[in-house]
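These notes concern the structure reproduced below.
Sequence positions, counted from 1, serve as the residue numbers for this chain. Atoms within each ligand, like the ligands themselves, are counted from 1 in listed order.
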Amino acid sequence: MPSNKKTQRPKKTSPVPKSESEIDPERLPRHVAIIMDGNGRWAKLHGYRSRIQGHRAGIKSVEAVVEASAELGIKVLSLYAFSKENWLRPRHEVNMLMRLLAQYMEKEVKRLNKNDIKLVVSGDIDDLPLFVREKVERVIQATVKNQRMTLNLCLSYGSRDEIVRATRLLCQQVLEGRLTPEKITKEVFAQMLYHPELGDPDLLIRTSGEMRVSNFLLWQIAYTEIYITPVLWPDFRREHLVEAILDYQRRERRFGRVIEE
Ligand code: IPE
Ligand code: IPE
Ligand code: MG
């Protein structure tokens with residue numbers, strides 16, 4: 001609930017929206033990953049006593065960005081929704097986040113199907129409370145045939161955990177005599193990550209101005225372009241995504257090589 005002494009609505013910090021027509025459809029990032037950060041600060045800025053109001057407002061951004069991504073032609077959207085480390089937050093916040101997640105799943109399934117979007121999850125889904133896990137699994141099942149875009153929701157996700165898990169799977173194969181250590185290449189390793197079929201992100205966006213990756217997709221972002229915006233996640237909309245894509249398209253990706261004149 002908003003507190004009585006609600007502060008004045010702060011001025012929007014968002015950059016001037018650029019026209020979508022400037023996007024080069026031939027050079028769209030295929031896979032966009034987003035660290036959705038700044039919900040707590042947004043709530044504070046808007047005079048709410050609880051951070052939860054920021055998480056609630058953040059869901060509107062998720063809905064808008066998922067739909068916009070599919071419409072713009074992005075093939076994979078990875079959203080960092082809850083990290084392994086986020087379990088260490090106060091119990092009340094964690095419980096509310098779980099409830100919001102369950103509500104989102106219930107509400108979003110229709111729109112995902114309407115927009116032909118498939119849901120997959122990266123992370124330790126077994127960590128989630130049963131009432132959330134069941135809802136998540138239902139949406140995964142209900143959207144499995146959709147093809148326009150894949151929404152990769154990262155839940156109870158930690159990249160170091162993902163890498164350790166991959167290592168264990170490989171060790172198991174070696175123990176069972178199905179693999180020898182010299183056959184382990186980076187391609188073989190990548191196959192053991194949660195969703196290798198999604199490929200590496202081309203563009204990683206982090207909202208709220210923080211300059212860190214917070215244990216997100218460490219293996220996969222080796223050559224990803226990084227875009228950090230001061231916009232807080234609950235304020236992030238289609239025009240900010242467009243701005244990030246335009247910035248991405250102005251860059252030269254060299255992958256360690258020299259681009260000949
Ligand atoms: C991101 O917003 C949402 C989650 C990590 C679940 P935060 O809750 O981290 O908001 P800030 O960073 O404290 O503003
Ligand atoms: C990263 O944000 C995790 C998610 C967006 C889900 P955090 O707010 O948890 O990261 P730190 O603590 O600022 O690094
Ligand atoms: Mg944060």
Side-chain angles (χ1 to χ4, degrees), residues 2-3 7 9-10 12-14 31-66 69 77-105 108 119-125 127-129 132-133 135-136 151-163 194-195 201 203-221 224 226-237 240-241 244:
S3 72
T7 54
R9 210 179 157 79
K12 274 236 168 107
T13 49
S14 18
H31 181 171
V32 174
I34 308 183
I35 303 177
M36 308 183 288
D37 198 14
N39 295 354
R41 275 162 285 171
W42 184 94
K44 200 168 173 197
L45 205 63
H46 287 260
Y48 292 108
R49 236 182 268 142
S50 161
R51 298 166 49 81
I52 307 304
Q53 296 302 329
H55 297 315
R56 209 164 261 148
I59 291 182
K60 295 212 177 68
S61 304
V62 173
E63 291 168 358
V65 168
V66 168
S69 299
L77 177 68
S78 290
L79 296 181
Y80 203 6
F82 193 87
S83 75
K84 269 278 186 191
E85 290 75 21
N86 289 152
W87 291 111
L88 301 172
R89 292 189 178 197
R91 210 170 74 189
H92 171 69
E93 183 172 350
V94 171
N95 289 344
M96 284 308 293
L97 279 165
M98 290 300 131
R99 254 203 258 171
L100 288 175
L101 183 58
Q103 282 169 13
Y104 170 75
M105 284 296 142
E108 196 62 4
L119 177 77
V120 299
V121 167
S122 293
D124 277 336
I125 197 168
D127 290 347
L128 302 173
V132 182
R133 203 164 72 214
K135 290 207 163 65
V136 171
L151 170 62
N152 174 31
L153 208 54
C154 300
L155 294 175
S156 193
Y157 176 86
S159 188
R160 287 183 168 178
D161 297 86
E162 180 182 32
I163 290 169
Y194 285 118
H195 283 288
L203 171 63
L204 170 67
I205 299 170
R206 183 165 188 154
T207 58
S208 87
E210 301 292 357
M211 304 276 186
R212 53 179 174 266
V213 286
S214 303
N215 203 11
F216 192 42
L217 304 175
L218 301 179
W219 174 279
Q220 297 89 333
I221 61 171
T224 298
I226 300 176
Y227 177 88
I228 294 175
T229 169
V231 176
L232 302 174
W233 178 249
D235 289 328
F236 195 90
R237 287 292 182 275
H240 304 109
L241 177 66

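- Protein heavy atoms come within 4.0 Å of atom 9 (O) of ligand 2.
- Side-chain contact between I34 and S78 is absent, with no heavy atoms from C-beta onward closer than 4.5 Å.
- Residue-level proximity to ligand 1 for E85 is absent, since no heavy atom of it falls below 4.0 angstrom.
- With a 4.0 Å heavy-atom cut-off, ligand 1 is reached by the backbone of A81 but not by any atom from C-beta on.
- One of the N, O or S atoms belonging to D37 lies under 2.8 Å away from the Mg ion (ligand 3).
- Geometrically, ligand 1 and L97 share no nitrogen or oxygen pair separated by less than 3.5 Å.
- Counting heavy atoms closer than 4.0 Å to ligand 2, residue R206 contributes side-chain atoms (C-beta onward) but none from N, CA, C or O.
- The nearest protein atom to atom 1 (C) of ligand 1, hydrogens excluded, is given as M36 O, 3.1 Å; this is a heavy-atom distance.
- Put simply, the side chain of S159 does not reach to within 4.5 Å of the side chain of F216, judged on heavy atoms.
- Distance from atom 3 (C) of ligand 1 to its nearest protein heavy atom, with residue and atom name: N39 ND2, 3.5 Å.
- Interface atoms of ligand 1 facing R51, defined by a heavy-atom separation under 4.0 Å, are 7 (P), 8 (O), 10 (O), 13 (O).
- For the residue pair N152/S122, the side-chain donor-acceptor check at 3.5 Å is satisfied.
- Residue contacts with ligand 1, taken as heavy atom pairs separated by less than 4.0 Å, involve N86 solely via side-chain atoms from C-beta onward.
- With a 4.5 Å cut-off on side-chain heavy atoms, D127 and W87 count as touching.
- When only non-hydrogen protein atoms are considered, atom 14 (O) of ligand 2 lies nearest to S214 OG, 2.6 Å.
- Polar contact with ligand 2: absent for E210 (N/O pair, distance under 3.5 Å).
- For the residue pair H55 / E93, a side-chain donor-acceptor distance below 3.5 Å is found, with atom types taken as modelled.
- The environment of CZ in R89 is crowded: more than 12 heavy-atom neighbours from other residues, nucleotides or ligands sit within 6.0 Å.
- Under a 4.0 Å criterion applied to the non-hydrogen atoms of D37, ligand 2 contributes the atoms 2 (O), 8 (O).
- At least one heavy atom of G38 lies less than 4.0 angstrom from ligand 1.
- Inclusion of R212 in the set of residues having an N or O under 3.5 Å from an N or O of ligand 2 is warranted.
- Side-chain contact between V65 and W233: present, with at least one pair of heavy atoms (C-beta onward) separated by less than 4.5 Å.
- Taking a 4.0 Å cut-off on heavy atoms, K44 fails to register as neighbouring ligand 1.
- Contacts between F82 and ligand 2 below 4.0 angstrom, taking non-hydrogen atoms only, involve the backbone exclusively.
- At least one side-chain heavy atom of L153 sits less than 4.5 Å from a side-chain heavy atom of M105.
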Assess whether side chain to side chain contact (heavy atoms under 4.5 Å, CB included) is satisfied between L128 and M98, documenting all intermediate values. CA-CA 8 Å; L128 302 173; M98 290 300 131; 3.9 Å; yes
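- At a heavy-atom cutoff of 4.0 Å, ligand 2 is contacted by the side chain of R89 but not by its backbone.
- Proximity of I205 to L241: side-chain heavy atoms (C-beta onward) are separated by under 4.5 Å at one or more points.
- Heavy-atom proximity to H55, at under 4.0 Å, picks out these atoms of ligand 1: 3 (C), 8 (O).
- Looking at R206 and S214, their side chains do bring a donor and an acceptor atom within 3.5 Å of each other.
- Annotation: side chain of Y80 is not in contact with side chain of L155 (no heavy-atom distance under 4.5 Å).
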